[in-house]
Amino acid sequence: MPPTRPRRVGRAHDASYVLFEGLLGERQLRNARAFAASDAVQAQLSEGILFDEKTAANGYASEEEENEAQNEGGTSAAPPAKKQKRNVAERRSRIAWLEREAAEGEASPVIPPWLHAQLRSAARTAHRLLGDKLCPIGVDALGRWTPRYEPVQYTEYGPGERLSRGVGSHYASWHTDSELDSDDVEDTRGVTVVVLLSDGAAFGGGKFQTRARGGAPQDRAPQTIELKAGDAIGFPAARLEHRVTKVTRGLRQSLVFWANRPA
Ligand SMILES: O=C(O)CCC(=O)C(=O)O
Ligand SMILES: [Fe+2]
């Protein structure tokens with residue numbers, strides 16, 4: 001089936017995204033899955049517990065720890081502005097970073113150029129349809145869109161992975177991929193593109209959900225976006241809250257791509 005035209009969904013300021021049905025055609029999907037299954041990628045998979053790494057590095061408390069501290073009359077260790085991002089880290093999954101080019105002495109796998117081109121093109125379309133206000137990346141002095149690209153995240157979720165504190169789903173916590181008013185690399189993310197690689201029949205659960213941060217109650221209610229293999233969603237990295245519900249069986253595979261504003 002030919003891909004349908006990407007379309008912007010949701011008018012609410014913080015709840016808009018762009019849906020790409022059939023971003024990857026059948027052959028591309030097969031090739032992308034074969035790449036994901038390759039030794040080069042599989043050897044790089046490691047547990048993606050972003051939260052614990054950050055906690056260790058920055059000494060921020062988790063939300064549970066904060067709640068506990070508050071219940072006990074203690075004070076929170078995390079500055080409120082950072083709280084959103086800390087929640088990202090409630091995920092359990094396996095991730096591998098895919099580079100655009102081979103770097104000397106680096107073991108990271110290189111993403112096939114055609115696949116990177118597809119992701120870039122989707123990010124660009126999402127940026128065009130959503131606008132630079134929602135997806136701040138900016139343009140150069142000549143008015144050209146010149147984003148930076150982070151390495152692409154390949155993600156695997158299986159039912160075997162559990163959250164240590166029993167919350168029980170991968171990326172269970174609502175999160176955005178970037179924070180406004182920060183210059184950390186991940187906080188310069190303007191657009192996120194997520195591509196689902198797995199067939200619906202290959203896993204249970206693992207729903208991609210969004211919700212608005214503010215606005216009308218119907219915008220704040222979780223919305224499940226039904227993605228088929230090869231479909232993608234593009235959204236404002238710092239605005240749209242999202243999560244992936246628990247994978248109950250099988251294997252869910254995704255690619256996550258970010259276009260960032262230049263430093
Ligand atoms: O795998 C997905 O569908 C989304 C993953 C995600 O939200 C993230 O990596 O930040
Ligand atoms: Fe995310």
Side-chain angles (χ1 to χ4, degrees), residues 14-15 17-21 23-24 29 32-33 36 41 44-54 83-98 111 119 122-123 126 135 149-159 161 163 167 169-180 184-200 202-213 222-248 250-260:
D14 281 352
Y17 58 88
V18 173
L19 190 61
F20 299 84
E21 284 173 307
L23 178 74
L24 301 185
L29 199 50
R33 284 191 195 135
V41 173
Q44 290 300 311
L45 281 174
S46 59
E47 212 182 348
I49 318 177
L50 198 53
F51 186 84
D52 291 358
E53 286 161 14
K54 297 241 171 185
K83 208 167 158 185
Q84 193 67 35
K85 189 165 60 183
R86 299 308 142 208
N87 291 348
V88 170
E90 292 287 333
R91 73 182 179 187
R92 284 287 161 108
S93 57
R94 294 179 296 275
I95 62 170
W97 295 106
L98 314 175
I111 188 165
L119 294 164
C135 308
Y149 303 110
E150 277 184 60
V152 179
Q153 176 188 291
Y154 166 64
T155 329
E156 289 190 348
Y157 312 72
E161 292 136 305
L163 286 176
V167 180
S169 66
H170 313 292
Y171 288 87
S173 294
W174 292 101
H175 69 277
T176 58
D177 289 345
S178 176
E179 283 176 23
L180 301 166
D184 291 355
V185 172
E186 73 251 37
D187 293 327
T188 61
R189 291 169 178 168
V191 177
T192 304
V193 174
V194 175
V195 187
L196 184 67
L197 293 183
S198 308
D199 259 330
F203 65 94
K207 297 290 184 192
F208 189 93
Q209 295 187 323
T210 65
R211 70 175 186 191
R213 273 180 168 174
Q223 279 203 9
T224 295
I225 301 174
E226 298 292 348
L227 298 172
K228 294 187 296 301
D231 290 352
I233 166 175
F235 58 88
R239 300 269 181 189
L240 186 70
E241 290 199 349
H242 59 281
R243 70 175 178 185
V244 175
T245 64
K246 181 181 170 186
V247 171
T248 52
L251 179 69
R252 181 187 187 277
Q253 301 160 284
S254 66
L255 292 171
V256 188
F257 178 85
W258 291 286
N260 301 38

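Note that ligands are numbered from 1 as they come in the structure, with each ligand's atoms numbered from 1 the same way. For the single chain, residues carry numbers from 1 onward in sequence order. The structure presented is a predicted model; accordingly, all values stated were derived computationally and were not measured. Values below: every heavy atom of this structure, side chains too, minus hydrogens, waters and symmetry copies.
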From [X] [atom1] over to [Y] [atom2], what is the distance, rounded to the nearest 0.5 angstrom?
{"X": "Tyr154", "Y": "Ile95", "atom1": "OH", "atom2": "CD1", "value": "12.0 Å"}
{"X": "Lys207", "Y": "Ile225", "atom1": "NZ", "atom2": "CD1", "value": "11.5 Å"}
{"X": "Leu227", "Y": "Leu197", "atom1": "CG", "atom2": "CG", "value": "11.0 Å"}
{"X": "Asp177", "Y": "Phe235", "atom1": "CG", "atom2": "CZ", "value": "4.5 Å"}
{"X": "Gln223", "Y": "Gln209", "atom1": "CD", "atom2": "CD", "value": "9.5 Å"}

**Prompt:** Considering only heavy atoms, does His242 approach ligand 1 within less than 4.0 Å through its side chain, its backbone, both, or neither?
**Reply:** side chain
Close-contact set for ligand 1 against [X] heavy atoms, below 4.0 Å:
{"X": "Phe208", "result": "3 (O), 4 (C)"}
{"X": "Val194", "result": "2 (C), 3 (O)"}
{"X": "Tyr157", "result": "1 (O), 2 (C), 4 (C), 5 (C)"}
{"X": "Val244", "result": "2 (C), 3 (O), 4 (C)"}
{"X": "Arg252", "result": "1 (O), 2 (C), 3 (O)"}
{"X": "Ser254", "result": "1 (O), 2 (C)"}
{"X": "Asp177", "result": "10 (O)"}

**Asked** Does any N or O atom in Gln153 lie less than 3.5 angstrom from one in ligand 1, N or O only?
**Response** yes
**Asked** Are any of the N or O atoms of Trp258 closer than 3.5 Å to those of ligand 1?
**Response** no
**Prompt:** Looking at residues at least two apart in the chain, or sitting in another chain, which of them share a salt bridge (Lys or Arg N to Asp or Glu O under 4.0 Å) with Arg189?
**Reply:** Glu150
**Message:** Would the distance check show the side chain of Arg239 and the main-chain N or O of Cys135 forming a donor-acceptor pair, the cut-off being under 3.5 Å?
**Reply:** no
**Message:** Could you identify the N, O or S atom of His242 positioned closest to the Fe ion (ligand 2)?
**Reply:** NE2
**Message:** If you consider just the N/O/S atoms, which atom of Asp177 is the closest one to the Fe ion (ligand 2)?
**Reply:** OD1
